[in-house]
Amino acid sequence: MTERLEWRVTGMDCAGCARKLTDAVARLDGVEQVNVGLMAERLSLTLQPGPTRAQDIETVVRRLGYGIAVPAGDTLPIRDACCGGDHARAQPEPSPRWYETVRGRLVLGTGALLALAWAVTLWGPAEAGRWAFVLACLIGTAPVAWRAAQALRMGQPFTIESLMTIAAIGALAIGAAEEAALVVFLFALGELLEGFAANRARDGIRALARLVPQTALLIEGERLREIPAGRLRPGDPVLVRPGARIPADGEIVEGLGGIDESPVTGESLPVTRGPGDPVLAGTVNAEAALRIRVTRAGADNTIARIIRLVEEAEEARAPTERFIDRFSRWYMPAVVLLAALVMLLPPLLAGEPWGTWIYRGLALLLIGCPCALVISVPAAIASALSSGARRGLLLKGGAALEAAARVQSLGFDKTGTLTVGRPEVTGIVALAAAEQEEVLALAAAVESASSHPLAQAILRRAEALPLPLPQASQARAIPGKGVEAVVAGRTLTVASPGHAVAAGVLGAAETARIRALEEQGLTVAVLYDRQALGLITLRDEPRADAAEAIRQIRALDIAPLILTGDNPRSAAAIAGPLGTDWRAGMLPEDKLAAIRDLAARGGVMMVGDGINDAPALKQASIGVAMGSGADVALETADAAILRDRVTDIAALIRLARATMANIRQNVAIALGLKGVFLVTSVLGITGLWIAILADTGATVLVTLNALRLLRLDPTRE
């Protein structure tokens with residue numbers, strides 16, 4: 001039976017580590033679909049029945065020098081939350097202190113040996129000092145050589161460990177024992193610093209996981225029982241006391257008070273919530289005690305979904321990252337070949353001293369590690385994803401970030417995106433001898449299963465009167481047109497006027513009346529069977545920040561365009577004050593065609609919130625879903641805006657552009673330092689210890705530069 005297995009892997013500090021693990025594990029018989037998440041510290045794969053067992057995979061990982069364990073709260077094989085999983089993501093395990101790690105102990109050990117060797121040199125015989133440095137070098141190189149040998153066994157000869165081992169042994173062979181020992185110490189110190197920087201980049205994801213409390217107060221009759229939050233299931237009633245975090249996504253059953261949603265959405269002011277209102281896991285109950293009914297299991301709450309999106313985003317690598325990965329695969333062998341030529345050609349062709357050119361060739365070997373280059377992209381992307389997630393901006397990977405940075409035009413859905421998405425019924429016109437209340441009741445029955453904002457407005461109006469609703473069956477959505485259902489034996493449809501005209505149920509008088517209503521900026525829905533039974537008028541107001549959002553988008557040299565299925569007069573009423581172009585009466589296929597036209601001129605972003613927008617979201621260079629939108633839009637889109645602020649669209653683009661600028665800086669730092677020290681090493685200006693310092697220093701520099709994105713607030717211009 002095929003199994004999907006997952007582990008937590010510790011000790012990875014650069015993309016080279018992830019690639020080394022991927023290549024080694026993928027060589028095992030029966031192993032498929034290997035994915036190593038550097039920032040998530042996760043190894044997942046599919047294992048076919050055969051000789052390879054989970055223990056064999058763990059052995060391979062440990063031989064390469066990494067720690068491996070099943071994530072806390074998980075068991076093998078994995079059972080995903082959407083497929084009957086029975087566990088929630090556990091709190092992240094705390095990272096050990098630096099001196100408790102293998103690399104930390106290696107730094108302390110090699111540092112102590114180096115200091116002891118210098119002490120022997122200063123106060124003892126010269127020969128004893130030389131042997132002390134040799135011993136320090138050999139002891140410090142031993143664990144590195146072991147990892148190099150294991151990688152070589154798995155078909156990976158070009159690793160930093162193998163280059164380091166060759167350089168250290170080569171330096172000993174030409175009598176540079178003191179420098180060899182120093183290089184080993186600097187290598188260990190550099191790896192420790194790389195690990196520290198990588199852990200800082202992971203802190204954003206860990207901070208998200210810590211938002212959800214570990215326990216919840218389950219209401220059982222008249223008493224409360226504290227249980228792990230991960231065991232909560234939809235329908236469970238829980239009590240959330242003032243000041244406590246909400247343990248799961250849910251709906252308030254009893255209580256009224258302010259909810260601090262800033263941990264999830266970045267919204268600074270508490271939002272008042274009462275019975276019937278939704279609440280999110282990880283948000284803080286700021287005022288009164290609340291009785292909440294859980295609507296999502298722990299493994300599928302908002303925070304878990306955000307974390308899952310951020311972690312899975314590593315799989316959607318940016319084109320720049322894929323190019324650098326391909327480049328690095330031939331870069332290291334090319335440098336090794338160059339180092340060999342530097343060692344051999346001058347002595348053989350020009351009679352130069354062997355010791356001098358071997359030394360220079362060894363320095364080139366140390367420069368050959370592409371760690372700084374390959375981590376320049378994923379470190380920046382991981383920092384940007386974490387920074388965005390903390391501010392309610394979710395992006396599904398580096399590919400989405402890069403696409404957002406190149407956007408030149410932007411298509412907006414209207415309802416629920418540029419408008420509040422909560423239209424209200426403003427009037428009811430009865431036709432064909434029907435009564436107004438009958439029109440409203442029948443329309444509400446047809447719309448009872450729909451989540452569209454217009455349908456919800458009709459239902460709210462019917463509930464407010466209140467009206468008894470007849471039973472509806474065989475309901476189905478007609479994308480971009482309306483909803484159809486059987487009510488009391490009649491097939492009724494609530495649709496747009498255009499669809500009603502196509503169905504032949506509107507006469508000239510009704511059409512003229514609809515046109516007059518639309519000229520007032522109203523949206524009209526038509527209820528009909530074989531004839532028009534009534535008209536329902538609705539109005540949806542623009543969001544408060546819509547005009548500011550359009551201004552910010554234009555300031556980024558991006559042309560916005562409203563794409564709506566509404567009538568032209570309603571579209572113009574919204575677009576006019578915003579000062580943006582519009583196209584109205586669009587079906588899903590029309591929006592798709594419009595996005596294709598825009599894409600022909602350059603990168604295009606589509607922003608929407610409904611089922612009708614899903615094809616256009618998928619077709620765009622990057623699709624962005626408003627957080628309050630339909631689940632299908634969130635799943636189809638490449639990014640999501642949790643705070644429902646239109647200005648966050650501009651913030652997302654600013655974040656993407658800042659990330660790409662950071663990546664360009666990182667690549668320049670990595671290649672620039674490599675190029676400088678490659679030349680100086682060949683010319684004999686710099687030696688071994690400068691070479692290793694340049695290599696590890698470049699890795700640390702690009703990682704620290706990437707970490708600056710964690711402090712970036714893209715919501716500010």
Side-chain angles (χ1 to χ4, degrees), residues 12-19 38-39 159-160 163-164 183 186-187 189-204 314 317-332 334-335 338-339 363-387 398 401-402 405 655-683 685-712:
M12 295 186 294
D13 51 37
C14 74
C17 297
R19 191 176 66 199
L38 172 63
M39 293 303 159
T159 64
I160 181 57
L163 300 187
M164 182 64 221
V183 165
L186 289 175
F187 175 75
L189 180 62
E191 281 200 317
L192 182 67
L193 291 175
E194 289 171 12
F196 172 76
N199 274 325
R200 286 290 305 274
R202 295 181 181 112
D203 283 346
E314 288 192 69
R317 299 193 300 167
T320 302
E321 184 179 0
R322 289 196 295 268
F323 170 76
I324 287 178
D325 186 50
R326 291 193 300 270
F327 172 76
S328 66
R329 287 181 182 272
W330 62 259
Y331 165 81
M332 186 181 286
V335 171
L338 178 62
L364 279 185
L365 280 180
L366 296 180
I367 293 172
C369 176
C371 285
L373 185 62
V374 295
I375 202 173
S376 59
V377 180
I381 288 174
S383 296
L385 294 177
S386 296
S387 178
L401 265 170
E402 191 161 333
L655 174 64
R657 291 183 177 181
T659 303
M660 295 310 297
N662 189 281
I663 287 171
R664 288 191 290 271
Q665 294 163 9
N666 283 346
V667 171
I669 291 170
L671 290 181
L673 283 175
K674 296 278 185 190
V676 167
F677 285 100
L678 188 145
V679 173
T680 58
S681 295
V682 172
L683 296 177
I685 299 172
T686 54
L688 286 174
W689 70 274
I690 291 291
I692 193 65
L693 195 61
D695 174 66
T696 57
T699 304
V700 172
L701 278 177
V702 299
T703 307
L704 292 178
N705 186 49
L707 290 177
R708 292 191 304 112
L709 292 170
L710 291 172
R711 299 194 301 271
L712 174 69

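This chain uses plain numbering: 1 for the first residue, then up along the sequence.
The side chain to side chain contact (heavy atoms under 4.5 Å, CB included) check on Leu701 picks up Ile669, Leu673, with sequence neighbours excluded. When the side chain to side chain donor-acceptor pair (under 3.5 Å) test is applied to Asn662, the partners found at least two apart in sequence or on another chain are Asn666. A search for side chain to side chain donor-acceptor pair (under 3.5 Å) contacts involving Arg664 returns nothing, not counting sequence neighbours. Under the side chain to side chain contact (heavy atoms under 4.5 Å, CB included) criterion, Ala656 pairs with Leu401, Ala404, Ala405, sequence neighbours left out. For Leu671, the side chain to side chain contact (heavy atoms under 4.5 Å, CB included) partners two or more places apart in sequence, or in a different chain, are Phe327, Leu373, Val667.
Annotation: side chain of Val679 is not in contact with side chain of Ile685 (no heavy-atom distance under 4.5 Å).
Remark: the backbone N or O of Leu712 is paired with a side-chain donor or acceptor of Ser387 at under 3.5 angstrom. Without hydrogens or angle criteria, Thr680 side chain to Phe677 main chain gives a donor-acceptor distance under 3.5 Å.
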- [ ] Any chance you could lay out the side-chain contact (heavy atoms from CB on, under 4.5 Å) test for Ile381 and Ile663, step after step, and finish with the verdict?
- [x] CA-CA 8 Å; Ile381 288 174; Ile663 287 171; 4.2 Å; yes

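Listed here is the closest heavy atom pair of Leu364 and Ser681: CD2-CB, 4.3 Å.
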